[in-house]
Protein chains: 2
Amino acid sequence: METIVSELLERSAGRPAGCGVERTLKVLDGKWTTLIVRELLTGPKRFGEIRSALSSPSAKTLTDRLRALEHQGILTRTVYAEVPPRVVYELTEQGHSLSGILHAMLVWGEQHPDAGG
Amino acid sequence: METIVSELLERSAGRPAGCGVERTLKVLDGKWTTLIVRELLTGPKRFGEIRSALSSPSAKTLTDRLRALEHQGILTRTVYAEVPPRVVYELTEQGHSLSGILHAMLVWGEQHPDAGG
DNA sequence: CCGTATCCCGGAGGATACTG
DNA sequence: CAGTATCCTCCGGGATACGG
């Protein structure tokens, strides 16, 4: 663990504070983004599936976040021309590469049940 | 990597979506919180040091975030009764335990220089 | 130096109604 | 079903001025 801290020190000394960290924060931004990625880590999902898996964010908000993630190359959007329409969101390789962060967050959250109070 | 994904699946199936993840998000909330933790991972720092290390958030905002983290047990606040006053913030053990997440974010950000565009 | 006290604004995100 | 179009609310966070 001390290794990690010193690596953090070493890697970020003399550069704009947390350059790498800030870039990640720019991607995992907003109230829902991280949770969307989390849902898609377990496989591709439809718009409605994501919406109900989370605590039903408004359609507008969910659309906004999904579009942002799409433009950032985190996920892909596939429209199936059916009736009724079906739209599937799937993580790109870059999106999947966020799993280490999500996993760390999951573990921390579980090990600190009283946090956030 | 596939191990991580399936562990995520396994650990969170049938429970409120991303329970652990959500708890972490509640702690690392807001525009500055994560960066504050990052600064303190390299050692205790004074109010002014934190402020100038980041891109000078307003005093009000920084105070708000520091107080929140203090109440959540992430850091401690020590006032030295000197003139001029000196106030030092230091991560608790719980605060230090966030280093794994920060480290993952740093690495990801560095490996994806074009992200967040 | 390290705040607190006010005031204020932008924009994320919700509510509602409507469409292909 | 999966959006789009509007309108509106809320509050995180900045600016400024002042206090211990």
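What you see is a predicted model; the values in this text were computed from it and never measured. So you know, we letter chains A, B, ... as the sequences are listed, proteins then strands, and number each from 1.
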Asks: Does a side-chain N or O from A:R46 land closer than 4.0 Å to OP1 or OP2 of D:dA2, or not?
Replies: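 Answer is yes, contact under 4.0 Å.
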
Asks: Please determine whether a side-chain nitrogen or oxygen atom of A:R77 lies at a distance below 4.0 Å from atom OP1 or OP2 of D:dG3.
Replies: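 Checking D:dG3 against A:R77, a side-chain N or O does come within under 4.0 Å of OP1 or OP2.
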
Asks: Could you check how far NZ of A:K45 sits from C1' of D:dC1, rounded to whole Å?
Replies: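 It is 18 Å, rounded to the nearest whole Å.
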
Asks: Below 3.5 Å between N/O atoms, which protein atoms pair up with nucleotides 13-17 of chain D? Just atom names and distances, please.
Replies:
| residue | atom | partner | partner atom | Å |
| --- | --- | --- | --- | --- |
| D:dG13 | OP1 | B:K31 | N | 2.3 |
| D:dG13 | OP2 | B:R65 | NE | 3.4 |
| D:dG13 | N7 | B:K60 | NZ | 2.8 |
| D:dG14 | OP1 | B:W32 | NE1 | 3.4 |
| D:dG14 | OP2 | B:S58 | N | 3.4 |
| D:dG14 | OP2 | B:S58 | OG | 3.4 |
| D:dG14 | OP2 | B:T61 | OG1 | 2.9 |

Asks: What is the separation between atom CD1 on B:I50 and atom P on C:dG3, rounded to the nearest whole Å?
Replies: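 Taking atom P of C:dG3 as the reference, CD1 of B:I50 is at 9 Å.
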
Asks: Begin from the C-alpha positions of B:W108 and A:V27 and carry the test side-chain contact (heavy atoms from CB on, under 4.5 Å) through to its verdict.
Replies: CA-CA 11 Å; B:W108 193 92; A:V27 173; 4.0 Å; yes

Asks: Separation of B:R86 atom CZ from C:dG3 atom C1', in whole Å?
Replies: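 Computing the B:R86:CZ to C:dG3:C1' distance gives 16 Å.
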
Asks: Is the shortest side-chain N/O distance from A:R67 to OP1 or OP2 of D:dT4 below 4.0 Å?
Replies: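 Yes, A:R67 has a side-chain N/O under 4.0 Å of OP1/OP2 on D:dT4.
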
Asks: List the steps, then state whether side-chain contact (heavy atoms from CB on, under 4.5 Å) holds for B:L40 with B:I50.
Replies: CA-CA 8 Å; B:L40 295 179; B:I50 300 171; 4.0 Å; yes

Asks: Which whole-number value in Å describes the distance from A:L35 CG to C:dG13 C1'?
Replies: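 Distance check: A:L35 CG to C:dG13 C1' gives 14 Å.
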
Asks: Whole-Å distance between C:dA12 P and A:L69 CG?
Replies: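 To the nearest whole Å, that distance equals 14 Å.
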
Asks: Using the side-chain contact (heavy atoms from CB on, under 4.5 Å) definition, which of the options A:K45, A:E39, A:H96 pairs with A:L91?
Replies: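 Single side-chain contact (heavy atoms from CB on, under 4.5 Å) partner of A:L91 among A:K45, A:E39, A:H96: A:H96.
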
Asks: Quickly work out the A:L25 CG to D:dG12 C1' distance and round it to whole Å.
Replies: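 It is 16 Å, rounded to the nearest whole Å.
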
Asks: For the backbone of B:R38 and the side chain of B:T42, can you confirm whether one donor and one acceptor N or O come within less than 3.5 Å of each other?
Replies: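 Pair absent, no side-chain N/O of B:T42 close to backbone of B:R38.
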
Asks: Would you classify B:R51 as touching base, sugar-phosphate or nothing, given that sugar-phosphate means primed atoms plus P, OP1 and OP2, and contacts are heavy atoms under 4.0 Å?
Replies: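 No contact.
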
Asks: Between P on C:dA12 and CG on A:L54, what's the gap in Å once rounded to a whole number?
Replies: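 One finds 19 Å between P of C:dA12 and CG of A:L54, rounded.
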
Asks: List the atom of A:Q72, the atom of A:Q94, and the distance in Å for their closest heavy-atom pair.
Replies: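 The answer is O-OE1, 3.4 Å.
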
Asks: Could you walk me through whether A:V87 and A:T78 pass side-chain contact (heavy atoms from CB on, under 4.5 Å), step by step?
Replies: CA-CA 6 Å; A:V87 180; A:T78 308; over 6 Å; no

Asks: May I ask you to say what B:Y89 touches in the nucleic acid, namely base, sugar-phosphate or nothing, with a heavy-atom cut-off under 4.0 Å?
Replies: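 B:Y89: backbone/sugar contact only, no base atoms under 4.0 Å.
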
Asks: Is there a side-chain contact (heavy atoms from CB on, under 4.5 Å) between A:R46 and A:R86 once you walk through the steps?
Replies: CA-CA 7 Å; A:R46 300 178 58 171; A:R86 181 166 57 100; 3.4 Å; yes

